[in-house]
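Okay, so here's the structure we're looking at.
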Amino acid sequence: MGDEKKIFSDVGEKEVTSAIVSGFAQDFQKYVFSDVIIVGGGPSGLIAGRELAKEGFNVLIIERNNYLGGGFWLGGFLMNKITVRHPGEEVLRELGVPCEEVTPGLFVTDGPHACSKVIASACEAGAKFLQMTVFDDVVLREGGRVAGVVVNWTPVSSLPREITCVDPIALESRVVIDATGHDACVVRKLEERGVLKVPGFGAMWVEKSEDLLVEHTGEVHAGLIVTGMAVATAFGLPRMGPTFGGMLLSGKRAAEVALHTLRDSK
Ligand code: 48F
């Protein structure tokens, strides 16, 4: 011991811990007030985050799970295939995801490949993430404008009641995007507060739902944009099952709407 040639650099526990704490604190400080907070790290939230971060805005994506990607890893019925209807494949190709046309207008790819590329593209564009962090409430400001979110660590909600008095914290932003999928948690919170009425999504009808979902993607309330399956819940649109072109195009549309707001309010 002592004289043998070492493979790894000579740093120990305190340097490792210090790197984690200071790195997290530096990032967190920067995102106490963001340009955009996206709640939900599924396909629609990741694409919206990528587009906005690419434009130089600081984007924070909040995800209640440890992993990102939402329903995009597995496609339908636990079978590892992702389907997209034209023109959804154009987004996959832009990200370098190979896909095959199985019938005119319908493309198939592998979940892990597509999902990992979408996550990587959001990271490479500069989006930042808070995982294991759950949306709890909205921050409302003058005129009822949504101006941020209240969040807590996900594990807090699974602790026994006698030790769960952990207060959440608030993060402010210029725009909030609800990308929480079928649950539409942010929109539902506004309903709970008597601000909106939420019809919930309708029965499955893929030929109608994807077009409607992209068309309805946009601002549902001052300061709050809705994307992905949360749009179907917010507007009572039909669900679409395991096809994802609508999620990718809705993410792009949400980013376009957010860009208008961000540029107008500069
Ligand atoms: O469900 P999800 O993938 O939403 P999406 O982007 O895509 C929907 C498709 O996956 C699929 C479909 C396609 O045809 O119907 O369902 O609209 O991703 C939503 C993400 O939001 C997170 C959740 O864990 C998931 O990763 N999420 C949901 N509620 C919260 C949340 C919350 N309260 N706080 C933080 N994250």
Side-chain angles (χ1 to χ4, degrees), residues 37-51 60-85 88 91 106 108-109 111 114-115 118-119 122 129-138 148-158 168-169 171 176-190 192 200-214 216-217 224-235 237-255:
I37 289 176
I38 299 175
V39 187
S44 63
L46 289 166
I47 292 286
R50 167 189 189 248
E51 299 297 310
L60 180 65
I61 301 183
I62 288 166
E63 170 55 54
R64 71 181 167 191
N65 288 325
N66 184 18
Y67 67 90
L68 300 162
F72 205 44
W73 285 108
L74 270 176
F77 204 56
L78 293 182
M79 295 183 194
N80 225 359
K81 293 286 176 191
I82 295 284
T83 65
V84 297
R85 295 157 73 230
V91 183
L106 181 66
V108 176
T109 185
C115 197
V118 172
I119 296 169
F129 299 89
L130 276 182
Q131 294 131 270
M132 296 296 279
T133 304
V134 68
F135 165 84
D136 183 61
D137 206 344
V138 283
V149 295
V150 179
V151 295
N152 215 331
W153 300 120
T154 302
V156 169
S157 55
S158 51
I169 55 160
L171 301 168
V176 174
I177 300 181
D178 185 346
T180 57
H182 299 76
D183 294 345
C185 296
V186 188
V187 171
R188 288 265 184 219
K189 184 55 79 171
L190 287 185
E192 210 179 296
F201 58 82
M204 204 177 284
W205 193 352
V206 69
E207 292 93 330
K208 281 201 174 289
S209 57
E210 286 200 291
D211 283 73
L212 286 170
L213 187 119
V214 177
H216 283 75
T217 297
L224 179 64
I225 290 166
V226 67
T227 186
M229 270 314 287
V231 177
T233 300
F235 291 97
L237 310 178
R239 62 192 298 191
M240 68 212 60
T243 189
F244 291 82
M247 303 304 124
L248 306 175
L249 265 61
S250 170
K252 288 211 167 208
R253 173 69 68 93

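Just follow the structure's listing: the first ligand is 1, and inside any ligand the first atom is 1. We use all heavy atoms of the structure for the numbers below, so side chains are in, but hydrogens, waters and symmetry mates are not.
- Protein heavy atom at the shortest distance from atom 19 (C) of ligand 1 is Ala179 O, 3.4 Å.
- Nearest non-hydrogen protein atom to atom 16 (O) of ligand 1 is His182 CE1, 3.1 Å.
- Both the backbone and the side chain of Pro43 come within contact range of ligand 1, each with a heavy atom under 4.0 Å.
- Residue Gly71 approaches ligand 1 through these ligand atoms, each under 4.0 Å from one of its heavy atoms: 2 (P), 3 (O), 10 (O).
- From the protein, the heavy atom lying nearest to atom 22 (C) of ligand 1 is Glu63 OE1, 3.4 Å.
- Residue Arg64 touches ligand 1 through backbone and side chain together, judged by heavy-atom distances below 4.0 Å.
- Checked against a 3.5 angstrom limit, the closest N/O atoms of Phe135 and ligand 1 fall inside it.
- The backbone N or O of Gly41 sits less than 3.5 Å from a side-chain atom of Glu63, completing a donor-acceptor pair.
- Ring orientation note: the planes of Phe201 and His182 are nearly perpendicular, at an angle over 60° on the 30°/60° scale.
- A heavy-atom distance below 4.5 Å is not found between the side chains of Val187 and Thr233.
- Every N/O-N/O distance between Gly228 and ligand 1 stays at or above 3.5 Å.
- Contact atoms of ligand 1 toward Gly70: 3 (O), 18 (O), 25 (C), 26 (O) (distance under 4.0 Å to a heavy atom of the residue).
- Looking at Ala230, Gly241, Ala48, Pro242 and measuring to atom 13 (C) of ligand 1, the nearest heavy atom belongs to Gly241.
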Return a table of donor-acceptor pairs under 3.5 angstrom between the side chains of residues 202-210 and protein atoms on other chains or two or more places apart.
from   : atom 1 : to     : atom 2 : distance (Å)
Ser209 : OG     : Trp205 : O      : 3.3
Ser209 : OG     : Val206 : O      : 3.4
Glu210 : OE1    : Arg85  : NH1    : 2.7
Glu210 : OE2    : Gly245 : N      : 3.3
Glu210 : OE2    : Gly246 : N      : 2.5

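- Side-chain N or O atoms of Thr154 include one that pairs as donor or acceptor with a backbone N or O of Arg64 at under 3.5 Å.
- A donor-acceptor pair under 3.5 Å is absent between the side-chain atoms of Ser250 and the main chain of Thr227, judged by distance alone.
- Counting heavy atoms from C-beta on, the side chains of Leu248 and Val84 come closer than 4.5 Å.
- For Thr180 (side chain) and Cys185 (main-chain N/O), a donor-acceptor pair under 3.5 Å exists by modelled atom type.
- On a distance-only criterion, Phe244 and ligand 1 share no N/O pair closer than 3.5 Å.
- Heavy atoms of Arg239 stay at 4.0 angstrom or farther from ligand 1.
- Contacts between Met247 and ligand 1 below 4.0 angstrom, taking non-hydrogen atoms only, involve the side chain exclusively.
- Residue contacts with ligand 1, taken as heavy atom pairs separated by less than 4.0 Å, involve Thr243 solely via the backbone atoms N, CA, C and O.
- Between Leu171 and Leu130, the closest side-chain pair of non-hydrogen atoms falls below 4.5 Å.
- In this structure, Val134 counts as a contact residue of ligand 1, since one of its heavy atoms falls inside 4.0 Å of the ligand.
- You'll find the side chain of Asn152 stays beyond 4.5 Å of the side chain of Ser157, heavy atoms only.
- Residue contact check for ligand 1: Asp136 places no non-hydrogen atom closer than 4.0 Å to it.
- If you look at Thr133 next to ligand 1, the close heavy atoms, those under 4.0 Å, all belong to the backbone.
- Regarding atom 6 (O) of ligand 1, its nearest protein heavy-atom neighbour is Ser44 OG, 2.7 Å.
- Counting heavy atoms only, Met229 comes closest to atom 12 (C) of ligand 1 of the residues Met204, Met240, Met229.
- Each of the atoms 3 (O), 6 (O), 18 (O), 20 (C) of ligand 1 lies under 4.0 Å from some heavy atom of Gly42.
- Two residues are said to be in side-chain contact when any heavy atoms from C-beta on lie closer than 4.5 Å; Thr217 and Lys252 fail this criterion.
- Residues Val108 and Lys81 come closest through the heavy atom pair CG1-CD, 3.7 Å.
- The backbone N or O of Gln131 lies less than 3.5 Å from a partner atom in the side chain of Thr133, making a donor-acceptor pair.
- Here the heavy atom of the protein found nearest to atom 21 (O) of ligand 1 is Gly40 CA, 3.2 Å.
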